[in-house]
Amino acid sequence: MFSALRRCPASLSRNVSSVALSSRVLRTSLVQTPSAVRLAVPRLPVIATQAFHQSAKWYQTAEAAAEAEAEAVEDEYEPNNGPVTKFKDLALRGLVHPNLVNTITNSMKLETMTDVQTRTINEALSGVDVMAQAKTGTGKTLGFLIPIIQRMIDADPQLGDRVHGYKRARPDDIRAIVISPTRELAEQIAVEAKKICSGTGVIVQCAVGGTQKRAMLQKTQREGCHLMIATPGRLMDILSDPYSRIEAPHLTALVMDEADRLMEQGFQEEIDKIKTFLPDPDQVERQNLMFSATLNKNVVRLVKDTMRPGFHFAKCVNEDEAPTHDRIPQKLVEVVGFENIMPTLYELALKMHLNPQERNGRPFKAIIYFNSTSEVKLAASVFYKLSGGFKRNTPLGGLKAFEIHSKLSQQGRTRASEGFRFATSGLLFSSDVTARGMDFPNVTHVIQVGLPREAETYVHRLGRTGRAGKEGEGWLIITPLERHEVKRRLREMPLVKDESLEVPKVDMSVSGVIPEEAAKLIESSVEAHQRINPEELQDAFRGLFGSFQWYSDKNRLIESANRLAEFGWAMSTPPPPPASVFGGGRGRGGGGGRGALEAVVEAAEMVVLETAAADLEVSMIDEVAEAAAWPISTLTNGIAPRRTF
DNA sequence: ACCTGTA
């Protein structure tokens with residue numbers, strides 16, 4: 001082996017040490033799994049010679065090694081042709097380039113695939129379209145990144161290697177695009193993509209709003225781009241700009257993350273426009289991958305419009321496993337009026353922050369969701385005053401507080417999400433910008449103020465806690481105005497009324513005997529509001545009417561809002577309600593549920609994968625049972641050919 | 001004048 005190395009150019013000599021290193025790592029890890037020790041011998045040449053793609057000798061060695069491994073795998077492992085469930089096996093079976101897999105197993109230390117990953121990776125590697133229904137926080141990002149990156153390498157084997165791939169990158173030959181509904185999510189995906197591509201020649205770029213377009217263009221023109229992770233607005237901006245020199249004439253994969261969200265009003269038009277700048281799928285064959293937590297009418301339409309016949313439907317929502325919203329305990333707090341909300345949050349935060357022993361000592365880390373930006377801003381400001389700047393020796397001392405919403409600069413947003421991500425204990429006052437997909441570790445509480453717009457929103461927000469097997473709890477704080485609608489809109493949720501807090505029960509509009517502790521909290525809250533910029537209060541007042549657009553009894557709404565201004569903010573005269581309040585609101589149609597699922601089934605003949613990852617079989621929705629008569633093993637081995645590197 | 005998503 002080393003005689004071969006000596007023949008290589010001097011410039012590559014530094015690879016020798018890394019080769020030695022990776023061999024060593026490999027050897028140690030294999031010793032621990034006796035069944036795999038035998039694989040060490042044929043395995044080594046593949047890794048050791050990864051810089052010599054050009055040599056025919058390399059190909060022979062690699063092919064022989066792959067063959068030997070595959071045979072060994074078939075000898076050793078019992079289900080030899082089932083779906084791959086270990087990342088390591090993706091390389092051993094020649095399905096994914098070792099440079100990609102090694103990063104995942106060695107640097108990222110990932111071993112076993114999650115359910116979503118098993119299903120999407122096995123399926124999508126073959127090139128078919130996949131519509132995956134999966135909860136957030138289940139690792140679906142890797143589920144789509146691995147197959148699209150691997151398929152890029154298939155199309156252009158030089159991309160498998162770092163040195164050769166880099167030289168060939170161009171800005172006008174993007175091979176795959178991932179679209180996400182928020183900037184933060186796009187960035188989170190881009191970070192992961194860059195990580196797993198670090199051993200390959202695949203160049204990843206991220207295009208989101210709020211950043212300097214020029215700088216991004218220059219970087220992309222200089223470095224090129226194979227995989228673009230983007231938000232709709234900026235992507236449209238770049239593709240439609242004739243001077244950007246960024247194009248995707250050979251686009252082979254399009255991924256829509258949070259597809260249900262991307263199909264909502266506002267986004268959908270933009271996506272349609274973007275598609276006009278992408279090559280016609282009839283001319284350039286394109287793989288479509290969609291990820292969606294729910295199947296509503298919009299998603300069905302998307303499926304009908306863009307998925308190619310014969311696409312796969314991977315239902316990764318396990319029926320026997322409780323969904324997020326059943327697994328996480330949820331408490332419902334009904335307050336007397338809007339004026340009770342802020343002091344109630346104060347009471348709750350104090351209680352949770354000061355009693356970590358009730359959570360096995362886990363520090364309090366909460367996201368507090370509001371329905372409008374202005375409410376987020378106000379709550380953040382009020383808490384800052386309440387806590388005396390979160391300094392030590394104050395009741396909320398030790399907490400770090402952040403606010404995040406779209407009216408913040410992108411710099412501010414990044415600072416907030418990074419800050420909260422790395423904080424051991426803290427509060428994040430947030431709009432729905434973080435409701436989906438964002439991964440903040442160790443969130444102990446998700447507190448929602450006011451009824452969320454949709455049940456879907458409620459579930460997504462709730463999903464920010466209880467991640468990675470950790471515990472968490474949800475709190476929903478509502479006023480009597482929302483009581484009825486909560487019962488209707490959130491009837492599926494196991495909300496349990498909570499009576500443990502004092503402040504919510506206090507009628508602040510009448511004088512009476514109030515528990516001393518509650519009185520103190522209310523007093524400090526009102527006092528804090530008096531030190532808030534009046535314009536901020538006005539904004540929040542107007543924002544409230546926006547959040548309550550759905551609420552038809554406008555007189556009661558105005559009355560309740562006035563109480564807030566009077567007793568919660570100590571204003572002598574409440575601000576005027578916005579004129580639009582008297583315009584009247586429109587109702588909205590529902591969707592989703594069982595009917596939508598059936599519609600998806602009818603939309604195409606599909607294979608439905610529904611069983612546990614470890615023992616994957618095909619089970620089917622009745623109508624398509626006959627069409628999908630082939631077992632999963634055939635499907636995986638038949639469509640996805642074994643690759644050699 | 002509810003949230004996201006280009007300037």
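Chain naming here is simple, since letters A, B, ... match the order of the sequence lines and numbering starts at 1 in each.
- When rounded to the nearest whole Å, the span between CG of Leu408(A) and P of dT4(B) equals 10 Å.
- When the side chain to side chain contact (heavy atoms under 4.5 Å, CB included) test is applied to Pro279(A), the partners found at least two apart in sequence or on another chain are Leu251(A), Val284(A).
- Not one side-chain nitrogen or oxygen of Ser406(A) sits closer than 4.0 Å to the OP1 or OP2 atom of dC3(B).
- Whole-Å rounding puts the Glu456(A) CD to dC3(B) P distance at 18 Å.
- Atoms OH (Tyr369(A)) and C1' (dC3(B)) sit 12 Å apart, rounded to a whole Å.
- As a whole-Å value, the separation of Gln265(A) CD from dC3(B) C1' is 13 Å.
- Straight-line distance from the CE atom of Met263(A) to the P atom of dT4(B): 19 Å, rounded to whole Å.
- Here Thr457(A) does not reach the OP1 or OP2 of dC3(B): none of its side-chain N or O atoms lies under 4.0 Å away.
- Looking at heavy-atom distances under 4.0 Å, Gly209(A) makes contact with sugar-phosphate atoms alone, never a base.
- Look at Arg436(A) and you won't find any side-chain N or O under 4.0 angstrom from OP1 or OP2 of dG5(B).
- With sequence neighbours excluded, the residues forming a side chain to side chain donor-acceptor pair (under 3.5 Å) with Ser372(A) are Ser374(A), Glu375(A), listed by chain and number.
- Judged purely by atom type and a 3.5 angstrom limit, Asp129(A) uses its side chain to pair as donor or acceptor with the backbone of Arg308(A).
- Near DNA chain B, meaning a heavy atom under 4.0 Å away, the residues from residues 173-181 of chain A are Pro181(A).
- For Asp257(A) and dT4(B), the CG to P distance is 18 Å, given to the nearest whole Å.
- Annotation: side-chain hydrogen bond (donor to acceptor under 3.5 Å, both in side chains) contacts involving residues 334-348 of chain A, sequence neighbours excluded, comprise Glu334(A)-Arg483(A), Glu339(A)-Arg563(A).
- A donor-acceptor pair under 3.5 Å links the side-chain atoms of Gln330(A) to the main chain of Ile328(A), judged by distance alone.
- Nucleic acid contact for Phe548(A): none, since no nucleic acid atom lies under 4.0 Å from a heavy atom of the residue.
- Across all strands, Arg461(A) comes closer than 4.0 Å to no nucleic acid atom at all (heavy-atom distances).
- For the side-chain hydrogen bond (donor to acceptor under 3.5 Å, both in side chains) condition, no pair includes a residue of residues 243-252 of chain A, sequence neighbours left out.
- The CE atom of Met216(A) sits 12 Å away from the P atom of dT6(B) (whole-angstrom rounding).
- One finds no salt bridge joining Asp257(A) and Arg436(A) here, because no Lys/Arg side-chain nitrogen approaches an Asp/Glu carboxylate oxygen to under 4.0 Å.
- Relative to the side chain of Asp237(A), the nucleotides dT6(B), dT4(B), dA1(B) differ in distance, and dT6(B) lies closest.
- The phosphate of dT4(B) has OP1 or OP2 within less than 4.0 Å of a side-chain N or O from Ser431(A).
- For Arg170(A), the side chain to side chain contact (heavy atoms under 4.5 Å, CB included) partners are Asp172(A), Asp173(A), not counting sequence neighbours.
- Listed by first and then second residue, the salt bridge (charged side-chain N to carboxylate O under 4.0 Å, His left out) pairs that reach into residues 178-196 of chain A are Glu184(A)-Arg413(A), sequence neighbours excluded.
- The separation between Lys213(A) atom NZ and dT6(B) atom C1' is 8 Å, rounded to whole Å.
- Interface residues of residues 269-280 of chain A facing DNA chain B, ordered by number: none; criterion, heavy-atom separation under 4.0 Å.
- Using a 4.0 Å cut-off, no side-chain N or O of Arg261(A) falls inside it from OP1 or OP2 of dT4(B).
- At a threshold of 4.0 angstrom between heavy atoms, the contacts of Ser374(A) with the nucleic acid are absent.
- Residues that satisfy the side chain to side chain contact (heavy atoms under 4.5 Å, CB included) test with Lys331(A), not counting sequence neighbours, are Glu473(A), Trp475(A), Asp498(A).
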